[in-house]
Every structure is written in C-alpha cells, then in structure tokens.
Amino acid sequence: MAWISSSEDHLEWHDRDTPWSTSAFERQLKSLGRYYHLHHPFQQMMARGELDRDQLQGWVINRFYYQISIPRKDAALMANCPDPEVRRHWVQRMIDHDGRDEDPGGIDAWLRLGEAVGVPRERMLSLEDVLPGVRFAVDAYVNFAQQRPWEEAVCSSLTELFAPEAHRSRLATWPTHYPWVEADGLAYFRARLGQARRDVEHGLALTLNHFRTAEAQRRAMQILQFKLDVLWSMLDAMYLAYIVGMPPYQAVRDH
C-alpha cells in the first residue's frame, strides 16, 4: 500500500525520501479512518437496528475480551518506555479501564453494558463465548505492544482518532433501535467520548514528534493499518459466526 500527500506538500509517488510535513503526516494518518471498523457491515447493521438480541449480545461478549486486554497492552507499552513523563501521562489509560478508588473503571462499565443487554457478569467473565478469531486478533495486538518499541505501540493506539464517532453513533441509535437495552448500560460510551479525545491528543503528539523521516512515517502508516486490521478482523469473526451462521468448527462432527 502506498500513500501520497496533497499537492500543496509537493510530494510525488516516486519521492520516497522526502518526509511529509507535520500537518500532511497528520492528514495521512487520519485518512486511514476509512478502514475503521465503524464501516464494517456488522457495525453498519448495528447502527441500522438490524441485529437481534443474540447478535448484539455476541458483540458485547466478544468486545469484552478487547476491553480487558487494553490495560495489558498499556502496561506493556509503559514497561518498554524509559521516559517517566510519558509513563505518568499514559498510566491514566490503565486507570480509566481498571478503575481506582471510587471509580470502578471502564471494564466494570462494560460489564454493566453486558447486564443491560441481558448477559450475566459470570458469563462475560468466563470468556467461554469469545470467538477464536477475536482472541487471535486481540492477542496479536497485545503481543505487538509487548514486542515492539513503545513509540510503535503509541502509534497503534491512534485508532482512537476515529472512536468518538462510533460512540456517538451507539448513543444515538441504540435507544431507538434497541429500546430493550437498559439506558444505564450505555455509560461506557458516554465516558469514552471525553477519554478518547484526551488520549488521542497525547498519542498523536507523540507520534507526530517521533516518526519524522519518510521511512518512519511509512512505518507509522503500516502500524496504524495493522491496528485497523485487528479491529476489522474481530468483526469478521463475529459476522461469520452471528450473521452468516458459520460458528467456529461447525463442520467438525463428534464421534
């Protein structure tokens, strides 16, 4: 995959040694929003109110595996980061998910979302219904943060550039299309509107400052595409299982 900036930045397809300006680089990163999982057919069906109860529950159950993996990803990033200022800022992301003091955190909010759609906490926490494809994609993301330089893990978090639109969509459409979902369960989406905006400002600034050469900027584009692939692949697994009706190992016969 190749990218080219707008003409005002004087880059041509063959000019692979000239880095984008900071503003052009930011635009290129944001241009990848067209691959954000909000545009996946499963998410589009959700927004149109076309999912049944089991399908919506399946999404909440599988997405929970992603939610509980985010603090592990952030812990890995911080373990690889020698800069205390970055760590002091980044640790808030773990607190947002794990909670602290009187704030139970985003993971608990997702468990309340599960209860609002009719999934008991025990079932969510067991992880027994998480699809193999979802586990594989999420685990790949955690492994990436553990094994790659911390700056690359920061860059991979920039799918948050596109997250507020997804949260706003759910807050706008769920009460109409899924009135059986208890309203209190949507608290997670409301909280993330502000948190994601704050987080992405920090992550974007670090990325723009670190990836300055043409080669590094191309690498950043690959990293963000990888994270988009993770999110899209999760929904591919859910679409196959819950929409197409092809759950894992359906062709396997017990003997």
Side-chain angles (χ1 to χ4, degrees), residues 1-6 9 19-40 43 63 66-67 69-81 83 85-97 106 137-169 189 191-235:
M1 185 179 294
W3 298 270
I4 187 168
S5 69
S6 59
D9 297 293
W20 292 309
S21 68
T22 300
S23 60
F25 181 31
E26 180 175 345
R27 287 197 300 274
Q28 293 290 343
L29 290 167
K30 290 180 176 178
S31 75
L32 294 183
R34 63 190 181 275
Y35 301 115
Y36 190 54
H37 65 165
L38 180 64
H39 306 297
H40 191 282
Q43 287 282 357
R63 181 77 181 188
Y66 178 82
Q67 302 304 131
S69 299
I70 293 302
R72 295 175 54 222
K73 176 269 299 185
D74 289 327
L77 184 156
M78 290 193 296
N80 291 331
C81 178
D83 188 333
E85 181 61 30
V86 172
R87 296 197 305 268
R88 280 192 290 267
H89 197 123
W90 204 271
V91 73
Q92 183 61 47
R93 296 175 181 240
M94 293 182 64
I95 295 170
D96 288 342
H97 279 80
V138 174
D139 290 349
Y141 182 38
V142 175
N143 290 337
F144 178 88
Q146 292 171 338
Q147 297 170 10
R148 300 301 302 167
W150 69 271
E151 297 94 341
E152 293 197 2
V154 167
C155 181
S156 71
S157 76
L158 290 183
T159 49
E160 290 177 333
L161 282 165
F162 323 117
E165 182 181 358
H167 299 319
R168 284 193 294 268
S169 173
F189 304 132
R192 286 305 297 167
L193 282 173
Q195 292 170 354
R197 190 175 299 111
R198 176 206 65 206
D199 291 346
V200 80
E201 289 176 1
H202 183 229
L204 180 60
L206 290 171
T207 297
L208 295 176
N209 183 62
H210 176 75
F211 295 87
R212 289 187 171 274
T213 68
E215 181 180 5
Q217 289 174 347
R218 288 194 296 272
R219 174 60 180 159
M221 296 291 284
Q222 293 169 347
I223 292 165
L224 183 51
Q225 185 64 60
F226 158 74
K227 175 59 183 309
L228 290 162
D229 291 347
V230 167
L231 297 173
W232 197 275
S233 295
M234 291 169 61
L235 286 178

Name each donor-acceptor pair under 3.5 Å that joins a side chain in residues 69-80 to protein atoms two or more places apart or in another chain, with its distance.
from: Ser69; atom 1: OG; to: Tyr65; atom 2: O; distance (Å): 2.8
from: Asp74; atom 1: OD1; to: Trp90; atom 2: NE1; distance (Å): 2.9
from: Asn80; atom 1: ND2; to: Ala76; atom 2: O; distance (Å): 3.4
from: Asn80; atom 1: ND2; to: Ala145; atom 2: O; distance (Å): 3.1
from: Asn80; atom 1: ND2; to: Gln146; atom 2: O; distance (Å): 3.2

Can you tell me if [X] uses its side chain to pair, donor with acceptor, with the backbone of [Y] under 3.5 Å?
X      : Y      : value
Asn143 : Asp139 : yes
Ser233 : Val230 : no
Gln217 : Trp20  : yes

Taking only residues two or more places apart in sequence, or in another chain, which ones meet [X] in a side-chain hydrogen bond (donor to acceptor under 3.5 Å, both in side chains)?
X      : answer
Arg219 : Glu152
Arg168 : none
Glu215 : none
Thr159 : Lys227

Are Ser31 and Arg27 side-chain neighbours, meaning at least one heavy-atom pair lies under 4.5 Å?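 Side-chain contact under 4.5 Å: no.
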
Looking only at heavy atoms, what is the nearest atom pair of [X] and [Y], with distance?
X      : Y      : value
Pro19  : Ala214 : CB-N, 3.6 Å
Leu206 : Trp150 : CD1-CZ3, 4.3 Å
Ala166 : Leu38  : CA-CD1, 3.9 Å
Ala153 : Ser156 : O-OG, 2.6 Å

Nearest-0.5 Å distance that lies between atom CD in Gln225 and atom CH2 in Trp232: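 Here the interatomic distance stands at 10.5 Å.
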
Value rounded to 0.5 Å, distance of CD in Glu26 from OG1 in Thr207: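 Going from the CD atom of Glu26 to the OG1 atom of Thr207 covers 10.5 Å.
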
Is there a side-chain contact (heavy atoms from CB on, under 4.5 Å) between Leu193 and Phe189 once you walk through the steps? CA-CA 7 Å; Leu193 282 173; Phe189 304 132; over 6 Å; no

Quiz question: by atom type and distance under 3.5 Å, do the side chains of Arg218 and Gln222 form a donor-acceptor pair?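 There is no such pair (donor and acceptor under 3.5 Å, judged by atom type) between the side chains of Arg218 and Gln222.
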
Could you walk me through whether Ser157 and Arg93 pass side-chain contact (heavy atoms from CB on, under 4.5 Å), step by step? CA-CA 11 Å; Ser157 76; Arg93 296 175 181 240; 3.9 Å; yes

Taking ring pair (Phe, Tyr, Trp, His ring centres under 6.0 Å) as the definition, give me every residue that meets it alongside His89, ordered by chain and number, with sequence neighbours left out.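 For His89 the ring pair (Phe, Tyr, Trp, His ring centres under 6.0 Å) partners, ignoring immediate neighbours, are His202.
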
